[in-house]
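Heads up, the thing below is written out as structure tokens.
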Amino acid sequence: MAGQTLYDKLWASHLVSSRDDGTSLIYIDRHLLHEVTSPQAFEGLRLADRRPWRIDANIATADHNVPTSLKERSAGIAGIEDNVSRIQVQTLDDNTTSFGIETFGINDVRQGIVHIIGPEQGATLPGMTVVCGDSHTATHGAFGALAHGIGTSEVEHVLATQCLIQRKMKNMQVRVEGQLGLHVTAKDIVLAIIGEIGTAGGTGYAIEFAGSAIRDLSMEGRMTICNMAIEAGARVGLVAVDDTTINYVKGRPFAPTPEQWDAAVESWRSLVSDDDAAFDKVVTLDAAAIEPQVSWGTSPEMVVGIHGSVPDPAAAEDETTRRGLGRALEYMGLHAGQKITDIRLDRVFIGSCTNARIEDLRAAAAVVKGREVAGSIKQAMVVPGSGLVKRQAEQEGLDQVFIDAGFEWREAGCSMCLAMNADKLGAGEHCASTSNRNFEGRQGYGGRTHLVSPAMAAAAAVTGHFVDVREFVDTPVPTKRAAGL
Amino acid sequence: MKAFVRQKGLVAPLDRANVDTDLIIPKQFLKSIKRTGFGPNLFDELRYLDEGYPGQDCSNRPINPEFVLNQLRYEGASVLLARKNFGCGSSREHAPWALEDFGFRVIIAPSFADIFFNNAFKNGLLLIQLDEATVDRLFDAVEQTPGYRLDVDLIAQKIMTPEGEAIEFEVDPFRKYCLENGLDDIGLTLTDNSHAIREFETRHRASQPWLFRGEAANQA
């Protein structure tokens with residue numbers, strides 16, 4: 001018998017029951033809640049006179065439409081100026097209070113983007129099933145946890161039953177072998193993967209990311225990769241457990257107690273695909289060949305290396321694709337054959353569940369240090385992924401590096417990734433963004449998003465257009481600033 | 001959830017691939033704490049020429065006359081014909097809520113994104129996956145025939161075209177059962193599986209106690 005994949009193992013260890021029709025009931029260990037996709041689920045519970053099955057499996061925080069300015073945040077929920085947003089954040093607070101669910105309030109230092117605070121608190125553990133009413137829940141798969149996004153009906157189902165009705169997915173392995181170039185990051189890997197397999201390439205699959213380049217990544221980098229599995233169409237992204245995983249988890253608030261630790265580690269060591277495991281599909285990429293990536297269009301698969309150009313729709317293989325490319329070019333205000341380095345930018349956003357962890361901020365700060373945001377950039381902002389990331393960055397002096405360069409230093413939240421709060425693009429504006437989606441209108445009505453790594457976003461902020469960060473870092477820092485004057 | 005058994009409905013064609021959930025219902029409308037009322041903002045950025053905001057009266061907004069759902073010949077459509085990877089992007093259930101609220105009951109496409117597919121069935125929408133060639137053919141027929149209607153029969157798993165052709169489709173038996181009976185699957189899970197869930201939980205807690213922080217389940 002062939003061995004099991006990591007996904008097969010996680011599935012089997014959470015299987016409550018199976019039906020003849022191919023559906024199964026899967027037990028859920030961790031449920032993360034936020035303000036946008038939960039109110040209707042809590043309402044449904046109340047209408048049916050149901051209680052949450054297991055309170056301690058749930059953790060909540062408001063992230064999607066919290067303001068990121070200190071002025072609004074300092075007054076707590078009452079300080080949120082947008083009435084509709086305030087009601088939604090208040091509703092989460094009311095719901096979790098009335099059901100007794102642990103919540104990191106808007107001014108708790110542990111508040112932040114759900115997919116950042118879960119791992120940060122140790123509330124995401126290897127071997128768990130983790131769900132949240134948000135498609136970027138795939139992030140938690142970096143820990144060898146079976147994690148995926150769900151809709152509001154399923155949020156209600158998990159609250160009421162601690163389970164989900166699922167069908168087993170197929171197994172895909174994406175192997176990234178070899179060594180990444182200097183300043184080429186996890187974000188570039190995942191964008192290159194999406195460029196290769198397309199936004200529907202992973203539909204119906206759980207993707208395990210493997211290979212030496214993945215093993216060499218930190219947990220932050222692995223989270224960035226799994227985070228965007230959904231942009232490749234896969235609800236689930238996974239990375240096998242190793243020492244990097246275990247060392248990250250150790251000592252975190254929700255991690256196993258010292259008495260439980262050895263048994264937990266022993267159990268986690270089995271969370272790898274067996275050598276003889278069979279995958280339905282395998283894709284291999286050469287890490288050394290990956291350039292810093294920039295998306296030019298309105299779908300994450302519309303992405304090229306920094307030295308590439310905007311494609312010509314006339315070269316597309318079918319009519320639907322040709323029209324899609326043409327529409328994307330028109331929306332983005334670009335022309336076929338335009339060099340990526342010629343795209344001028346209006347705003348820069350460093351943040352989101354993809355790239356707002358401490359390592360991301362360090363990478364961006366290293367590029368920015370001693371330099372200034374270009375005069376042509378209307379706004380450059382850094383939005384840390386959590387209150388704790390923000391505090392750590394401040395302890396390391398990164399906030400000052402950004403502020404000195406002309407960046408805004410904000411409070412934690414989803415912010416301009418999806419522009420549900422006041423942080424948004426104006427119509428026609430181009431933004432270098434470390435987020436995950438470049439859909440039409442995603443960052444604001446008529447806004448034009450280019451997905452990049454934190455280092456690439458930082459370099460673009462300084463030059464005002466896209467530039468190869470590998471070359472940019474070698475350019476001299478202005479002497480006045482280098483001398484600290 | 002509204003039951004779906006059989007429906008003969010006008011077909012509206014949305015001829016673009018990778019329609020994402022941001023396009024189906026833009027984020028500003030996700031601030032609502034209700035499940036209803038999203039219909040007027042379905043495809044907001046395509047339907048109107050201005051930027052919409054929550055709570056607005058949409059009847060006075062400038063309409064984009066080129067957008068398919070604004071064309072008189074598709075008024076009252078309940079079947080949406082779409083291209084591949086429909087519903088990609090975020091997990092927002094507001095997308096199926098908006099489609100259902102607008103009046104759609106059936107969506108036909110060569111492929112759908114996973115989370116959207118799941119969400120749609122939980123809201124009384126029937127999603128039908130057909131091969132690209134058949135979808136192409138339907139696009140042509142809709143374009144050429146004003147008032148083109150399809151008769152969609154969930155029980156028989158067949159679509160009858162006006163030309164008299166029967167197109168068969170697949171549907172997951174459990175989803176079909178829930179849809180034809182308008183059933184809420186939470187009730188089903190609790191009725192059929194409460195005991196199994198509790199047993200599983202007891203074993204799980206014994207083998208991996210670090211996954212649990214509180215006391216045993218409080219469900220009566």
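In what follows, every chain begins at residue 1, and chains take the letters A, B, ... in the order their sequences are listed.
Residue contact with chain B, scored on non-hydrogen atoms closer than 4.5 Å, involves the side chain of A:E301 exclusively. Within the 4.5 angstrom heavy-atom criterion, only side-chain atoms of A:S17, from C-beta onward, approach chain B. Proximity to chain B is limited to the side chain of A:E102, based on heavy atoms less than 4.5 angstrom apart. Using a 4.5 Å cut-off between heavy atoms, A:S153 touches chain B through backbone and side chain atoms alike. Looking at B:K34, only its backbone comes within 4.5 Å of chain A, counting heavy atoms on both sides. Neither the backbone nor the side chain of A:T137 has a heavy atom closer than 4.5 Å to any heavy atom of chain B. In this structure, chain B has heavy atoms under 4.5 Å from both the backbone and the side chain of A:T203. Heavy-atom distances place no part of A:H148 under 4.5 Å from chain B, backbone and side chain included. Both the backbone and the side chain of A:T152 come within contact range of chain B, each with at least one heavy atom under 4.5 Å from a heavy atom of that chain. Looking at A:A234, neither its backbone nor its side chain comes within 4.5 Å of chain B, counting heavy atoms on both sides. Proximity to chain B is absent for every atom of A:D20, based on heavy atoms less than 4.5 angstrom apart. Residue A:T23 touches chain B through its side chain alone, counting heavy-atom pairs closer than 4.5 Å. Only the side chain of A:R323 comes within contact range of chain B, with heavy atoms under 4.5 Å apart. Contacts of B:D44 with chain A are absent, with no heavy-atom separation under 4.5 Å from either backbone or side chain. Residue A:A419 touches chain B through both its backbone and its side chain, counting heavy-atom pairs closer than 4.5 Å. Only the backbone of A:I150 comes within less than 4.5 Å of a heavy atom of chain B; no side-chain atom from C-beta onward does. For a residue to count as touching a neighbouring chain, one of its non-hydrogen atoms must lie under 4.5 Å from one of that chain's; by this rule B:F117 does not touch chain A.
When each of B:N18, B:I115, B:N119 is scored by its heavy-atom pairs under 4.5 Å with chain A, the top score falls to B:I115. Of the residues considered (A:E259, A:E154, A:Q162), A:E154 shows the highest number of contacts with chain B, using heavy-atom pairs under 4.5 Å. Here A:F439 is the residue among A:F439, A:F42, A:W261, A:F254 with the most heavy-atom pairs under 4.5 Å with chain B. Heavy-atom pairs under 4.5 Å with chain B peak, among A:Q40, A:Q88, A:H14, at A:Q40. For chain A, the option among B:S90, B:P209, B:A113 with the highest count of heavy-atom pairs below 4.5 Å is B:S90. Interface check for chain A: of the options B:M1, B:K122, B:Q28, the most heavy-atom pairs under 4.5 Å are formed by B:K122. Most heavy-atom pairs under 4.5 Å with chain B: of the set A:R167, A:E43, A:R30, this distinction falls to A:R167. Annotation: maximal heavy-atom pairing with chain B below 4.5 Å, among A:A263, A:S299, A:A57, occurs at A:A263. Interface check for chain A: of the options B:S111, B:S32, B:G55, the most heavy-atom pairs under 4.5 Å are formed by B:S32. Top candidate by heavy-atom pairs under 4.5 Å with chain B, chosen from A:P300, A:G324, A:S13, A:A123, is A:S13. Ranked by non-hydrogen atom pairs under 4.5 Å with chain A, the options B:N85, B:I33, B:D185 are led by B:I33.
Here NE2 of A:H136 is found 4.0 Å from CZ of A:R437. Values are rounded to the nearest 0.5 Å. With values rounded to the nearest 0.5 angstrom, A:L159 atom CG is found 11.0 Å from A:R51 atom CZ. Rounding to the nearest 0.5 Å gives a distance of 10.0 Å between CG of A:L15 and SG of A:C163.
B:E168 places no side-chain N or O within 3.5 Å of a backbone atom of B:K158 that could act as its donor or acceptor partner. Using a distance-only test at 3.5 Å, with no hydrogens or angles considered, a donor-acceptor pair links the side chain of A:R322 to the main chain of A:A316.
Remark: the B:S207 side chain and the B:H204 side chain contain no N/O donor-acceptor pair separated by less than 3.5 Å. In the model, B:D131 has a side-chain atom that pairs as donor or acceptor with a side-chain atom of B:T134 under 3.5 Å. For the residue pair B:E45 / A:Y445, no side-chain donor-acceptor distance below 3.5 Å is found, with atom types taken as modelled. Side-chain atoms of B:R175 and B:N118 include a donor-acceptor pair closer than 3.5 Å. In summary, the side chains of A:D423 and A:S415 do present a donor paired with an acceptor at a separation below 3.5 Å, with no hydrogens or angles considered.
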List the steps and the verdict of salt bridge (Lys or Arg N to Asp or Glu O under 4.0 Å) for B:K31 and A:E35. CA-CA 9 Å; B:K31 297 181 186 183; A:E35 78 277 22; over 6 Å; no
Walk me through whether A:H64 and A:D134 qualify under side-chain hydrogen bond (donor to acceptor under 3.5 Å, both in side chains). CA-CA 10 Å; A:H64 279 61; A:D134 187 280; 2.8 Å; yes
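Within 6.0 Å of the CD atom in B:E170, the count of heavy atoms belonging to other residues, nucleotides or ligands does not exceed 12.
For the side-chain contact (heavy atoms from CB on, under 4.5 Å) test with A:I28, the passing option among A:N58, A:T129, A:V130 is A:T129; the others fail.
Taking the ring centre of B:F102 as origin, the terminal cationic atom of B:R47 falls outside the region bounded by 6.0 Å and 45° from the ring axis.
The heavy-atom pair separating A:G202 from A:I207 by the smallest distance is CA-CD1, 4.3 Å.
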